[in-house]
Amino acid sequence: MANIYDMHGIDIAWCPGCGNFSILDIVKNAVAELGIAPDKLCMVSGIGQAAKLPQYMKASYFNGLHGRALPAAAAIKVSNMDLTVIAESGEGDMYGEGGNHFMATIRRNPNITNIVHNNMVYGLTKGQASPTSQVGMKTNIQVDGVFEQPFNPLAVAIAMNATFVARAFSGDTQQTKEILKQAIQHKGYALVDILQPCITFNKINTFQWFKDNTYYIENHNAADRNAAFALAAKEGKLGLGIYYKYENRPVFEEQLDVNQTDKTPLYKRSADRQAKLERLISSYI
């Protein structure tokens with residue numbers, strides 16, 4: 001049975017075997033199982049191989065500047081709160097070029113889902129180290145190996161009190177789909193960092209490496225922020241699952257004066273004003 005989000009006859013630009021294919025299927029199946037109609041979903045991305053994902057789905061999307069997916073996603077949600085908004089891109093786009101927007105979005109807490117394709121390398125720009133590349137990794141740019149500590153997005157997000165923080169693996173499609181469904185249903189900013197292999201430019205963090213170096217967290221209280229931070233900061237194998245979840249923080253778009261008294265979506269109000277203006281102009285012609 002065809003997924004309502006499938007785009008047929010589209011030439012997908014990813015390398016055969018890329019983890020992006022799994023993430024694309026996971027996203028399509030998650031939103032379909034949640035019963036979200038294509039015209040009620042808006043995908044927002046930046047620049048990169050991961051950022052091409054919305055182009056391969058039958059849904060509305062906005063492809064913006066490098067690192068600028070999150071402010072665009074928040075603005076879209078403010079303009080039409082009835083939409084399900086998902087911002088997605090690679091870890092370079094979200095945590096590197098977009099690192100300031102990553103932190104600002106957590107502070108604002110818009111009701112959006114943030115999917116990050118984390119393959120620990122820049123794929124579009126031919127394999128230099130990314131913010132999450134591990135110490136010692138050698139690339140054509142870092143010829144002597146990476147010496148900077150990798151960015152820890154989960155620990156940063158929890159420290160800034162993000163309301164939903166999770167990590168998943170593209171190779172575990174069923175588990176990742178269920179995590180993503182919970183993130184989409186969550187009211188508030190939800191981060192899902194998805195580990196995935198880049199088969200062309202990262203020969204270290206392969207599919208098998210992720211299988212051998214991840215585990216599913218158990219007996220963890222996701223409502224305990226201190227425990228979540230300690231788990232996120234823990235060295236060694238990477239834990240998969242929901243680290244932190246907080247339900248009672250107000251969301252950004254509902255606190256704006258423009259949305260407190262009039263629930264009409266902003267885009268509709270703009271259309272109404274434009275129509276009134278045109279009628280007024282026509283009355284003088």
Side-chain angles (χ1 to χ4, degrees), residues 1-10 12 20 22-46 50-64 68-89 94 101 105 108-117 162-164 166 168 173-174 176-192 194 245 247 249-256 258-275:
M1 183 176 179
N3 190 295
I4 59 172
Y5 285 92
D6 283 339
M7 295 283 284
H8 301 288
I10 298 296
I12 296 181
N20 286 329
S22 296
I23 297 176
L24 174 61
D25 286 339
I26 289 165
V27 173
K28 288 192 296 186
N29 288 327
V31 292
E33 289 183 14
L34 289 174
I36 302 170
D39 64 344
K40 293 297 183 181
L41 173 68
C42 185
M43 305 287 294
V44 186
S45 65
K52 297 175 182 176
L53 182 146
Q55 301 171 28
Y56 309 138
M57 287 183 62
K58 191 181 295 182
S60 299
Y61 77 88
F62 180 86
N63 186 217
R68 275 46 175 187
L70 287 171
I76 290 168
K77 186 65 177 182
V78 168
S79 297
N80 188 353
M81 291 188 290
D82 292 334
L83 288 176
T84 296
V85 179
I86 299 176
E88 66 82 42
S89 272
M94 287 290 182
H101 295 300
T105 303
R108 292 180 177 130
N109 194 39
N111 187 18
I112 64 173
T113 303
N114 185 191
I115 300 171
V116 182
H117 305 226
T163 57
F164 186 104
T173 55
Q174 185 63 31
T176 301
K177 181 186 68 175
E178 294 305 318
I179 291 172
L180 182 56
K181 285 167 65 176
Q182 290 192 54
I184 295 171
Q185 290 177 307
H186 173 75
K187 187 174 182 179
Y189 171 82
L191 171 66
V192 183
I194 304 181
K245 187 176 182 180
E247 300 285 359
R249 185 177 165 194
V251 296
F252 176 66
E253 58 274 14
E254 291 183 354
Q255 297 184 83
L256 299 177
V258 72
N259 286 327
Q260 286 182 349
T261 55
D262 186 355
K263 300 301 182 182
T264 304
L266 294 184
Y267 79 95
K268 286 188 176 180
R269 283 187 247 173
S270 297
D272 290 343
R273 285 197 296 268
Q274 183 64 29

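Atom set for the values below is all heavy atoms of this structure, side chains included, hydrogens, waters and symmetry mates excluded. Quick caveat, the model's predicted, so the values are computed rather than measured. We count residues from 1, following the sequence as given.
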Notebook entry, point to check: Could you walk me through whether Met43 and Ile86 pass the side chain to side chain contact (heavy atoms under 4.5 Å, CB included) check?
Noted result: CA-CA 5 Å; Met43 305 287 294; Ile86 299 176; 3.7 Å; yes

Note to self: Set out, in order, the CA-CA distance, both residues' side-chain angles and the distance that settles side chain to side chain contact (heavy atoms under 4.5 Å, CB included) for Tyr61 and Val44, then state yes or no.
What the structure shows: CA-CA 5 Å; Tyr61 77 88; Val44 186; over 6 Å; no

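When the side chain to side chain contact (heavy atoms under 4.5 Å, CB included) test is applied to Ala183, the partners found at least two apart in sequence or on another chain are Thr113, Phe164, Ala190, Val192. With sequence neighbours left out, the ring pair (Phe, Tyr, Trp, His ring centres under 6.0 Å) criterion links Phe252 to no other residue. Residues passing the side chain to side chain donor-acceptor pair (under 3.5 Å) test with Lys52 are Gln49, sequence neighbours excluded. In this view, Ala51 and Ser45, Asn63, Ser89 satisfy the side chain to side chain contact (heavy atoms under 4.5 Å, CB included) rule, not counting sequence neighbours. Checked against side chain to side chain donor-acceptor pair (under 3.5 Å), Thr84 has no partners two or more places apart in sequence or in another chain.
Here the side chains of His117 and Leu53 are in contact, with some heavy-atom distance below 4.5 Å. Taking 4.5 Å as the limit, some side-chain heavy atom of Ile115 sits within range of a side-chain heavy atom of Ile194.
Here the straight-line distance linking atom CG of Asn114 with atom OG1 of Thr105 works out to 7.5 Å at 0.5 Å rounding. Taken to the nearest 0.5 Å, the CG atom of Asn111 stands 7.5 Å off from the CD atom of Glu254. In this structure, NE2 in His186 is found 12.5 Å from CD1 in Ile184, a value given to the nearest 0.5 Å.
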Could you pull out all donor-acceptor pairs under 3.5 Å where a side-chain atom in residues 22-42 meets a protein atom, sequence neighbours excluded?
{"unit_1": "Lys28", "atom_1": "NZ", "unit_2": "Asp6", "atom_2": "OD1", "d": "2.6"}
{"unit_1": "Asn29", "atom_1": "OD1", "unit_2": "Asn3", "atom_2": "ND2", "d": "3.1"}
{"unit_1": "Asn29", "atom_1": "ND2", "unit_2": "Asp25", "atom_2": "O", "d": "3.1"}
{"unit_1": "Glu33", "atom_1": "OE1", "unit_2": "Lys177", "atom_2": "NZ", "d": "3.2"}
{"unit_1": "Glu33", "atom_1": "OE1", "unit_2": "Lys181", "atom_2": "NZ", "d": "2.9"}
{"unit_1": "Glu33", "atom_1": "OE2", "unit_2": "Lys177", "atom_2": "NZ", "d": "2.6"}

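Shortest non-hydrogen contact noted between His101 and Leu70 is O-CD1, 3.9 Å. Across all their heavy atoms, Glu88 and Ala50 have their closest contact at OE1-O, 2.9 Å. Taking all atoms of both residues into account, the shortest heavy-atom contact from Asn109 to Tyr189 is OD1-N, 2.8 Å. When every heavy atom of Ala168 is checked against every heavy atom of Ile179, the shortest pair comes out as CB-CD1, 4.1 Å. The two residues Leu83 and Lys77 come nearest to each other via the heavy atoms O-NZ, 2.6 Å.
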